[in-house]
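Report on one structure; see the data block that follows.
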Amino acid sequence: MEAEAPHLLEKREKKERREGLPELKNAVKGKVVLRFAPNPNGPLSFGHARGIVINGDYAKEWDGELILRFDDTDTVVKPPLPEAYKQIPEEAEWLLGFKPHRIVIASDQIPHYYKHATQMLEEGFGYVCQCSGETFKEFRVSKTECPCRDNTPSLNIELWTKMMNGTFVPGDAVVRVKTAMDLKNPALRDWPALRIQNTAEHPHPRESIGSKYRVWPLLDFQSAVEDKIQGVTHIIRGKDLMDSTRKQVLLYEHFGWTYPETTYWGRVKVHEWGGFSTSQMRRDIEAGLFTGWDDPRLPTLTALRNRGITAKALRDFWVELGVTQKDISVPLSTLFSHNTKSIDDDAPRLSFIRQPESITLDGEHPNQVQVEVHPNHSSRGMRTFDISKKTLWVEREDLLKSEVRLKGFANIHIEGKKAIMGSIDRNDRRPIIHWLPEPSTTNATLLVAEDGEVKHVEGKLETHSYPEGTMVQLERIGYARVIDSTTLIFTHS
RNA sequence: GCUCGUGUGGUGUAGCCAGGUCCAUCAUAGUGGGUUUUCAUCCCGCCGACCCGGGUUCGAAUCCCGGCACGAGCACCA
């Protein structure tokens, strides 16, 4: 059969269900270079995590490299946030489990961009355009060539010098890449590559850059040149940048370069959050709507991490979504489900009593009770409850039932404030409630982010000595992350 | 408006390029049950989808044509 009809065998293989990410096209083991390029105008959001996870996963799979690149070339509209330069690499490492192989900062690379801009002007495939935005828009729409296209290279260099030395101010001139003006897609026609920014009034927040440069590359140009410099082989990014790719391919043709393999993913929303705009979050935080970037209501990586979402859960989540170009909206429950899988096996059990009501034991009983730290791992030891004082805390809601079983202890019959002892053995199907004895409890607060606010749920917490960051399971309530001995933050149920 | 892209169960996703083995995969959600001294974990069952209309073909989720819907780009933002 192999000899007769090899294609039949091939086909059968193709039919097998794929798992994990789709295969990278034209990838060579050990030679793959990918990048993730956020604007450092805030810490990373849930959405950024996709870029890191997918690119990082491919880099790992192909023994390649992942570049973390700061595209910080705008000082006016989306000014960078100085702290982000330190925070983003840390967050990326936490998420990936390894450090990005290279870190590149665009604002350090300006001389390279100038060099390529000059080459473009000298070789005649770029020009300095002095038309207003409005005027050029008309040219673009009507497929009319801008008169500035006819500038000689020497005139272009002269105008370029005026951009650089401050003769021109923002709005006076811009460098454009020549394309056919009758391209079907109007977005691509003679696209702008570099512009002037008023860095005297809006200095770059990095001290070493400040007001050093007046002329700055736009994303399409900066990114294209930088990908070439760094030897990027594969680009995986949002489909909102499809036209950007097309612009960049035109530029690569001018330079005689080959463009990297590019794939796209669609827009993702989370039912509970909507989108994740860093700029919008920044405004809301400044307006006092949130306490900071780690406010548990925010879809930032730092907030999620504080809330107890693990890096593994985020990785599994994004890999499962894959790289389709569909625009999707996912419920948080999907992420939570991944998170439960990643933490449940480790999370020690604790008892937390909301709206605590005290009851007094009535009848014969031992002086202490032992319950497991983790029901599936008896090797983790026992928790000891001292009940010699006879005072117990239970949730107000559980008091509505009169026949209950105290988890790990005994059946009781509730009569007012009295808990009359019943069978120690479990001999019926009565509901089981969690509880705490008076001596070993601490007054504690459970922070719950819900419906756009952070609720402070007060209650009695089982005394523990778990360090900050420990993921615990509050019996019958859900998972939470330890902040300190009297504070927990609710993760999910 | 112009340009580009996408349409598989409630939500995601595999299969589509190279048509049959697809009465369509896996996961999640929902629901029912089992294990369990948690409303947890784990296990089992059920539920439920190829955007619409033509065409090609013995045969279409898959190829072709036409609709429709949704999204993005058309910034001297990233």
Side-chain angles (χ1 to χ4, degrees), chain A residues 7 10-12 14-19 22 37-41 70-80 106 129 131-133 136-137 140-141 163 170-176 183-189 191-197 215-216 218-220 222-223 238-247 264 266-268 271 277-279 316-317 320-322 324-331 333-338 340-341 343-345 347 349 351 371-372 374-377 405-411 424-426 429-434 473-479 493:
Chain A
H7 60 283
E10 265 177 52
K11 262 188 200 169
R12 189 161 305 160
K14 290 291 181 193
K15 275 292 181 186
E16 271 173 29
R17 314 290 181 188
R18 180 174 60 73
E19 260 181 48
N39 177 355
N41 62 340
F70 294 109
D71 282 350
D72 57 345
T73 55
D74 183 277
T75 67
V76 182
V77 183
K78 293 181 175 175
C129 173
C131 301
S132 70
F136 190 84
K137 192 174 181 179
R140 183 177 52 225
V141 171
M163 287 175 74
D172 284 353
V174 62
V175 175
R176 291 186 182 282
L183 287 174
K184 274 174 74 182
N185 189 343
L188 312 183
R189 297 172 194 158
W191 55 274
L194 302 98
R195 86 314 204 172
I196 305 166
Q197 293 192 99
V215 178
W216 286 81
L218 274 328
L219 172 81
D220 297 319
Q222 177 268 128
S223 175
K239 69 172 184 181
D240 53 314
L241 294 175
M242 267 181 172
D243 285 349
S244 185
T245 299
R246 295 185 183 102
K247 289 180 196 173
Y264 307 92
R267 178 193 37 63
V268 174
H271 292 344
S277 158
T278 305
S279 311
D316 291 347
F317 174 86
E320 187 176 69
L321 292 201
T324 67
Q325 291 187 30
K326 274 199 274 187
D327 298 321
I328 55 177
S329 183
V330 235
S333 57
T334 306
L335 176 64
F336 290 164
S337 161
H338 284 292
T340 296
K341 285 184 175 62
I343 61 177
D344 182 78
D345 203 50
R349 270 48 176 171
S351 192
V371 288
E372 287 174 314
H374 194 296
N376 302 349
H377 301 282
R405 179 169 181 82
L406 300 175
K407 188 170 181 302
F409 178 28
N411 292 345
I424 294 283
D425 291 324
R426 191 180 183 197
R429 305 281 287 179
R430 64 178 64 202
I432 295 163
I433 67 169
H434 64 298
Q473 192 208 66
L474 304 178
E475 287 172 327
R476 294 178 68 224
I477 298 173
Y479 301 94
S493 51

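So that the names make sense, note that chain A is the first sequence line, chain B the second, and so on, each numbered from 1. FYI, side chains are in, hydrogens and waters are out, and symmetry mates aren't considered; it's all heavy atoms of this structure.
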Taking only side-chain N and O atoms of [X], does any of them lie within less than 4.0 angstrom of OP1 or OP2 on [N]?
X	N	answer
A/K137	B/C76	no
A/K184	B/C4	yes
A/S279	B/C77	no
A/K407	B/U36	no
A/R429	B/U37	no
A/R140	B/C76	no
A/T324	B/U13	yes

Proximal nucleotide (of [options]) relative to the [X] side chain:
X	options	result
A/R246	B/C4, B/U37, B/G12	B/C4
A/L241	B/G71, B/C4, B/A78	B/A78
A/P331	B/A78, B/U11, B/G5	B/U11
A/A187	B/G73, B/C76, B/A40	B/G73
A/K239	B/U11, B/C76, B/G71	B/G71
A/L321	B/C76, B/U41, B/G12	B/G12
A/Q325	B/U38, B/G5, B/A78	B/G5
A/N185	B/U38, B/C4, B/U28	B/C4
A/P375	B/G12, B/U38, B/U28	B/U38
A/H271	B/U11, B/U38, B/C76	B/U11

Given atom [atom1] of [X] and atom [atom2] of [N], what is their separation to the nearest angstrom?
X	N	atom1	atom2	value
A/L219	B/G73	CG	P	13 Å
A/I477	B/C39	CD1	P	13 Å
A/L218	B/G73	CG	P	15 Å
A/D240	B/U6	CG	P	15 Å
A/W191	B/C77	CH2	C1'	15 Å
A/D327	B/A69	CG	P	16 Å
A/K247	B/A72	NZ	C1'	13 Å
A/K341	B/C42	NZ	C1'	11 Å

Next item on the list: Establish whether the base of B/U28 is bridged to the side chain of A/E320 by a donor-acceptor pair shorter than 3.5 Å.
Entry: no
Checklist line | Base B/A40 to side chain A/R349, donor-acceptor N/O within 3.5 Å cut-off | finding: yes
Could you measure between the two [atom1] atoms, the one in [N] and the one in [M], and give it in whole Å?
N	M	atom1	result
B/C47	B/U3	C1'	42 Å
B/G32	B/C52	P	32 Å
B/A14	B/C22	C1'	12 Å
B/A29	B/C44	P	15 Å
B/A18	B/A69	P	30 Å
B/G30	B/U11	C1'	11 Å
B/C58	B/A24	P	26 Å
B/C70	B/U8	P	14 Å

Item checked: Euclidean distance, A/N41 CG relative to A/D71 CG, rounded to 0.5 Å -> 11.0 Å
Next item on the list: With rounding to the nearest 0.5 Å, note down the distance linking OG in A/S279 to CG in A/N39.
Entry: 7.5 Å
Answer with base, sugar-phosphate or nothing: what part of the nucleic acid does [X] contact at a heavy-atom distance below 4.0 Å?
X	result
A/G266	nothing
A/T340	sugar-phosphate
A/Y479	sugar-phosphate
A/I424	base
A/T278	nothing
A/D74	sugar-phosphate
A/R267	sugar-phosphate
A/G322	nothing
A/L183	nothing
A/S493	nothing

Across all strands, who's sitting opposite [N] as a Watson-Crick or G-U wobble pair, both distances under 3.5 Å?
N	result
B/U41	none
B/U11	B/A27
B/G5	B/C70
B/A60	none

Item checked: Contact summary for A/I432 and A/R476, nearest pair of heavy atoms -> O-NE, 3.5 Å
Any donor-acceptor pair under 3.5 Å from [X] side chain to [Y] backbone:
X	Y	answer
A/R140	A/R189	no
A/R426	A/A410	no
A/Q197	A/W216	no
A/T340	A/F336	yes

Check: Is any side-chain N of the basic residue among A/D344 and A/R349 closer than 4.0 Å to the acidic one's carboxylate O?
Finding: yes
Next item on the list: Using a strict 4.0 Å threshold on nitrogen-to-oxygen distance, state whether A/R246 and A/D220 make a salt bridge.
Entry: no
Checklist line | Along RNA chain B (nearest heavy atom to each residue), the more 5'-positioned of A/N39 and A/P186 | finding: A/P186
Margin query: Taking the nucleotide of RNA chain B with the nearest heavy atom to each, does A/R176 or A/R189 sit closer to the 5' end?
Written below: A/R189
Check: Looking only at side chains, do A/H377 and A/D345 share a donor and an acceptor under 3.5 Å apart?
Finding: yes
